[in-house]
Amino acid sequence: HTEDKEKDRAFFEQLTDAFDDTGPKKGLKTEEEEMEKKSLHVKTERLLIREAEEQDIETVIQLESHPENRDYLWIGTGRIIGYALIRLDFKSDVFELRRIAISDKGRGFGKESMKALIAWAFEEIGTNRFWLDVYPDNLIGIRLYESLGMHRDGVLRQNYRAERGYLDQIIYSVLRE
């Protein structure tokens, strides 16, 4: 799985700046200029969700390698207990949660971090739509997303080819209104 780890590292390195943002602005600024304004720094009762740094890469790769995270789903306290990869589309005011992985399962960190990310997306950067996709066998994730009031938009049938075959992806979203 060395090749997978290298792909994960390359993918993560491309997205380490994905947490910088001041929100969608009207005008001629590029996404890169928008992203340089403010880094993601969200506090909850137990968590600090912050911009990923180069020294975090090894921990992220370890989280990605864990069997329970490999095909699904960030977050941090005094130590890193997870991460999120996001994509911000300023033109359409869309926040895409590409991946979330948490090492300490069953302690509510997933729900806490999802609530904080959704609030940040709508309240801080003015996103209109927050969305993600999930595999149908990720029942814990599906229950979480539905408990947060996310709408099941549809299914991309056999949209991703993995070692275990062709996988459907269920699309969930929530709108600002």
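Note that the structure is a prediction, hence the values are computed from the model and not measured. Only heavy atoms go into these numbers, but all of them, side chains included; no hydrogens, no water, no symmetry mates.
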### Task
Mind running side-chain contact (heavy atoms from CB on, under 4.5 Å) on Leu148 and Lys115 for me, showing each step along the way?
CA-CA 8 Å; Leu148 295 171; Lys115 284 180 174 179; 3.6 Å; yes
### Query
Checking Ser113 side chain against Gly110 main chain: does a donor-acceptor pair fall under 3.5 Å?
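Pair found, side chain donor or acceptor close to backbone of Gly110.
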### Task
Supply the members, apart from Leu156, of the Ile/Leu/Val/Met/Phe/Trp/Tyr cluster built from side-chain contacts under 4.5 Å; use none for a lone residue.
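Listed partners: Val94, Trp131, Ile171.
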### Message
Running the 4.5 Å side-chain criterion over Ile, Leu, Val, Met, Phe, Trp and Tyr, what cluster does Tyr166 land in, apart from itself?
### Response
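The other cluster members (ILVMFWY side chains, heavy atoms under 4.5 Å, direct or chained): none.
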Rounded distance [0.5 Å steps], [atom1] in [X] versus [atom2] in [Y]:
{"X": "Leu167", "Y": "Asn138", "atom1": "CG", "atom2": "CG", "value": "11.5 Å"}
{"X": "Leu175", "Y": "Met150", "atom1": "CG", "atom2": "CE", "value": "9.5 Å"}
{"X": "Leu88", "Y": "Ile86", "atom1": "CG", "atom2": "CD1", "value": "4.5 Å"}
{"X": "Arg129", "Y": "His151", "atom1": "CZ", "atom2": "NE2", "value": "10.5 Å"}
{"X": "Phe95", "Y": "Asn128", "atom1": "CZ", "atom2": "CG", "value": "14.0 Å"}

### Query
Under 6.0 Å from the six-membered ring centre of Tyr135 and within 45° of its axis: does the NZ or CZ of Arg164 meet both?
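Yes, Arg164 sits over the ring of Tyr135.
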### Message
I'd like to know if the side chain of Ser173 pairs up with that of Asp153 as donor and acceptor (distance under 3.5 Å, no hydrogens or angles considered).
### Response
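Per modelled atom types, Ser173 and Asp153 side chains form a pair under 3.5 Å.
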Atom of [X], atom of [Y] and distance for their closest heavy-atom approach:
{"X": "Tyr172", "Y": "Ile142", "value": "OH-CG2, 3.3 Å"}
{"X": "Thr44", "Y": "Ala116", "value": "CG2-CB, 3.4 Å"}
{"X": "Lys111", "Y": "Ser147", "value": "NZ-OG, 3.5 Å"}
{"X": "Leu132", "Y": "Met114", "value": "CD2-CE, 3.8 Å"}

### Message
Tell me whether Gln55 at atom CD has more than 12 heavy atoms from other residues, nucleotides or ligands lying less than 6.0 Å away.
### Response
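For Gln55, atom CD is crowded (more than 12 foreign heavy atoms under 6.0 Å).
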### Query
Would you call Arg99 and Asp133 a salt bridge, using N to O less than 4.0 angstrom?
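No.
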### Query
Which is it for Arg152 and Tyr145 under the side-chain contact (heavy atoms from CB on, under 4.5 Å) test, yes or no, and what are the steps along the way?
CA-CA 9 Å; Arg152 182 180 172 143; Tyr145 309 141; over 6 Å; no
